[in-house]
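Each remark here refers to the structure printed beneath this line.
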Amino acid sequence: EIKQSAEYNFNYNEKYRPLYHFTPQYGWMNDPNGMVYLDGVFHLFYQYNPYGARWGNMHWGHTVSKDLVNWEYKPFVLAPDKLGAIFSGSAVIDHDNTAGFGKGAMVAIFTSAGDRQTQSIAYSLDGGKTFTKYEGNPVLIDANIIDFRDPKVFWHAPSKQWVMSLATTQTITFYGSKNLKEWTRLSEFGEGLGGHGGVWECPDLFPLTYEGKTKWVLFVSINPGGPNGGSATQYFIGNFDGKTFTPDTMNYPLWLDYGRDNYAGVTWSNVPATDGRRLFIGWMSNWDYANEIPTENFRSAMTVARVLRLVHNGEHLVVASEPVKELESLRREAVLLGDKTRTNTSNAITFENFLPNNQGAYELTFTVTPNETDSFSFALENTKGETIKYLFDSANKTLSVDRSKSSVAFNANFAETLIKAPMVAKKSYTVRLLVDKSSTELFVNNGELVQTNAVFPTEVYNTLRFNTSKGTLTLKNVTVYKLK
Ligand code: FRU
C-alpha cells in the first residue's frame, strides 16, 4: 500500500527524523534526481520506494521548494513500467522545444532498469506536477554494457546540442543530441584515472569559474571504493570542448566530501544567471549500511543544499561546498559561548549544556587557532557516553572523525574507527558544524574541507569539549544557533 503525504501521519518527533533535512514522509529514498529550477521553484525528485523503507520498486518521488530549505511534499511522478524500474537521472527545461513536446517543457531523462539498463525520457507540461513517458522509449541502448545508467543532461550552447554524461561501468561516456531523442556517442573518459574501487555512478559535468576563467568539473560517484570505504563522490577538474573532457593533471582521486554520508549528489539545472550559483544536494547515506539505519517508517535524508565553488586550498584547486545562504533563515536563538583560551596547564575547554532544551538541531560556528603544529580536537558528547569527535592533526595533515561511539549499534560497517580526510595545515580554521537529529555536516575553511557523517545517538548531544595534545588553543566567537 502506498502511504504518502496525507495518508501517513508522520511527525517530526519520530525517532531520528531530521528537523531540517529533507526526508520522505514514508518509505525509502536514495539519490537526488532531476533537480531543476523553474519559475521560482526548485524541484527535487528522488529515488523512492513508496511501499516500504528498504530499497526496491524505484519511483521518482517529488518535492519542491522556493528557498532550498523548506520542502513541500508532492506525489511521486514516475513509476516502474514494462521497461523496468525508474533509476537515477536528470531534468532539463527545453526552452527551444528541441524535442517537440512543447516550448519550455520539463524533460526528465532517466534510466529504465529492467532486464537491461537503457535510457528513457518523459515530459511535463504542467511545471513538473505530472509526466508523460515518451512512446519511443528507450532512447539510448547499449547491447553490451550492464552498468549503463544515471544520465545527467545539459545544453552545451557552443556546440548547440544536449550533452549527456552517463555512467558506463567504470568510465563516463558522453553522448550528444539535438532533440533529446536521438543520441550519438561523443567520447569516453576515466580509464586508468581516479578511483576505481567500485562501479561508477551518477556523473555530472558542469562549468565553474576560477579567477575569471571557466573550468569544467566532472563529478563521479563510486561504490564501493570511497576514501573511507563504501560510497563517495570523486571529481575531476579540466576542460570540455563539446566532445571530450580533458582533465587537468592533478593528484586524483579528489573527493567532494570525505565523510561517509554524502553520495550520488549532482547539481541543479536551469538556475537563472541572475542567481549564478552551482547548487548541489547529496544523499546523506552510504550503501554500506543504508538499508539498516535505525529508522522505521522512512529511510535516509538528503544533505542540506550546498553551493559549489572552485578555490585554491593552499596546495591545489578544490571544489568547495557550503550550505546555501538561505539556510541561515532557520537560525532561531543564538547563544554566544564566546572566546576562550586553553593554556599549557589548563584542562579541556568544556561547554556543558550549551543549548538548553534543544531537539538535536543546531549549528555551531567558531574560529580555532592551535599552537603551531599541535593537534587539537573537539567533540560533541551526551550524558549517555555517546560522542562524535573531530581531530585536527596538523603534523600528519589529516582531519579524522571518530564516530565509533556516536550511535546506537546497528551495523558493524557504520562503527568503523577513523574517517580520515587530508588536511592542509593552516594557522587558524573556521569551523561550521550543522547538527540534526541523525546527521553532522562539517565545513572547514568555508567548505574547502567537508565531512558529512550520520549519527544515531540515543540522546541529544549537548556538551562541546575542546582539547589539545599539548600547548595552547585559542577559540574565537564560539556560537551555537538553534535551528528551527
Ligand atoms: C546510486 C544508484 C544509481 C542508480 C540508483 C538506483 O546510488 O545505484 O546508480 O540509478 O542508485 O536506485
Side-chain angles (χ1 to χ4, degrees), residues 24 27-35 44-62 76-81 83-91 108-122 138 140 142 145-153 164-173 190 195-204 218-226 229-234 256-257 259-267 280-293 298-303 452 454:
W28 162 275
M29 174 178 78
N30 57 296
D31 314 357
N33 293 154
M35 293 117 81
L44 168 61
F45 302 92
Y46 51 90
Q47 286 290 281
Y48 181 45
N49 181 4
Y51 300 99
R54 287 184 161 256
W55 187 86
N57 316 304
M58 299 322 293
H59 291 55
W60 271 27
H62 186 206
F76 62 73
V77 295
L78 293 170
D81 55 39
L83 293 173
I86 315 295
F87 274 18
S88 288
S90 51
I109 308 99
F110 55 89
T111 300
S112 292
D115 295 339
R116 66 208 299 194
Q117 298 184 344
T118 59
Q119 317 319 315
S120 293
I121 60 178
L140 180 59
D142 186 289
I145 311 176
I146 293 169
D147 289 302
F148 187 68
R149 59 177 179 266
D150 308 341
K152 180 75 161 75
V153 175
M164 176 196 293
S165 310
L166 194 72
T168 44
T169 312
Q170 284 200 23
T171 57
I172 301 304
T173 305
H196 283 274
V199 72
W200 285 23
E201 301 184 317
C202 300
D204 191 5
L218 177 64
F219 276 11
V220 177
S221 281
I222 167 172
N223 176 62
S231 328
T233 301
Q234 62 176 325
L256 179 68
D257 189 320
R260 293 269 278 154
D261 298 283
N262 181 359
Y263 192 60
V266 291
T267 65
F280 166 95
I281 205 164
W283 173 48
M284 204 154 51
S285 195
N286 190 311
W287 284 115
D288 270 2
Y289 44 74
N291 272 288
E292 282 143 54
I293 62 163
F298 75 98
R299 269 201 183 83
S300 301
M302 293 298 178
T303 65
T452 301

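None of these values were measured; they are calculated from a predicted model. Read the numbers this way: they start at 1 and go in the same order the structure lists the ligands and their atoms. Along the sequence shown, the residues carry numbers beginning at 1.
Checked against a 6.0 Å centroid threshold, the rings of Tyr48 and Trp283 do not count as neighbours.
Listed for the Gln119 side chain is a donor-acceptor partner under 3.5 Å among the backbone atoms of Phe148. Checked by atom type and distance alone, the side chain of Trp200 pairs as donor or acceptor with a backbone atom of Gly195 at under 3.5 Å.
Annotation: Tyr263 places no N or O atom under 3.5 Å from an N or O atom of ligand 1; distance criterion only. Ligand 1 has an N or O atom lying under 3.5 Å from an N or O atom of Asp150, backbone or side chain.
Set against the non-hydrogen atoms of Gln47, the atoms of ligand 1 under 4.0 Å away are 5 (C), 6 (C), 12 (O). Listed by atom number, the atoms of ligand 1 under 4.0 Å from Trp287 heavy atoms are 1 (C), 7 (O). Against a heavy-atom cut-off of under 4.0 Å, Ser88 is close to the following atoms of ligand 1: 5 (C), 10 (O). Close approach of ligand 1 to Arg149 is summarised as follows: ligand atoms under 4.0 Å from at least one heavy atom of the residue are 3 (C), 4 (C), 9 (O), 10 (O).
In this model, a donor atom of one side chain and an acceptor atom of the other lie less than 3.5 Å apart for Gln47 and Asn33. A donor and an acceptor atom, one from each side chain of Thr267 and Asp204, are located under 3.5 Å apart. Side-chain atoms of Asn286 and Ser231 include a donor-acceptor pair closer than 3.5 Å.
Nearest protein heavy-atom contact of atom 1 (C) of ligand 1 is Asp31 OD2, 2.9 Å. Atom 8 (O) of ligand 1 has Glu201 OE2, 2.9 Å as its closest protein atom, hydrogens excluded (heavy atom only).
A heavy-atom separation below 4.0 Å is found between Asn30 and ligand 1.
A heavy-atom distance below 4.5 Å is found between the side chains of Tyr263 and Glu201.
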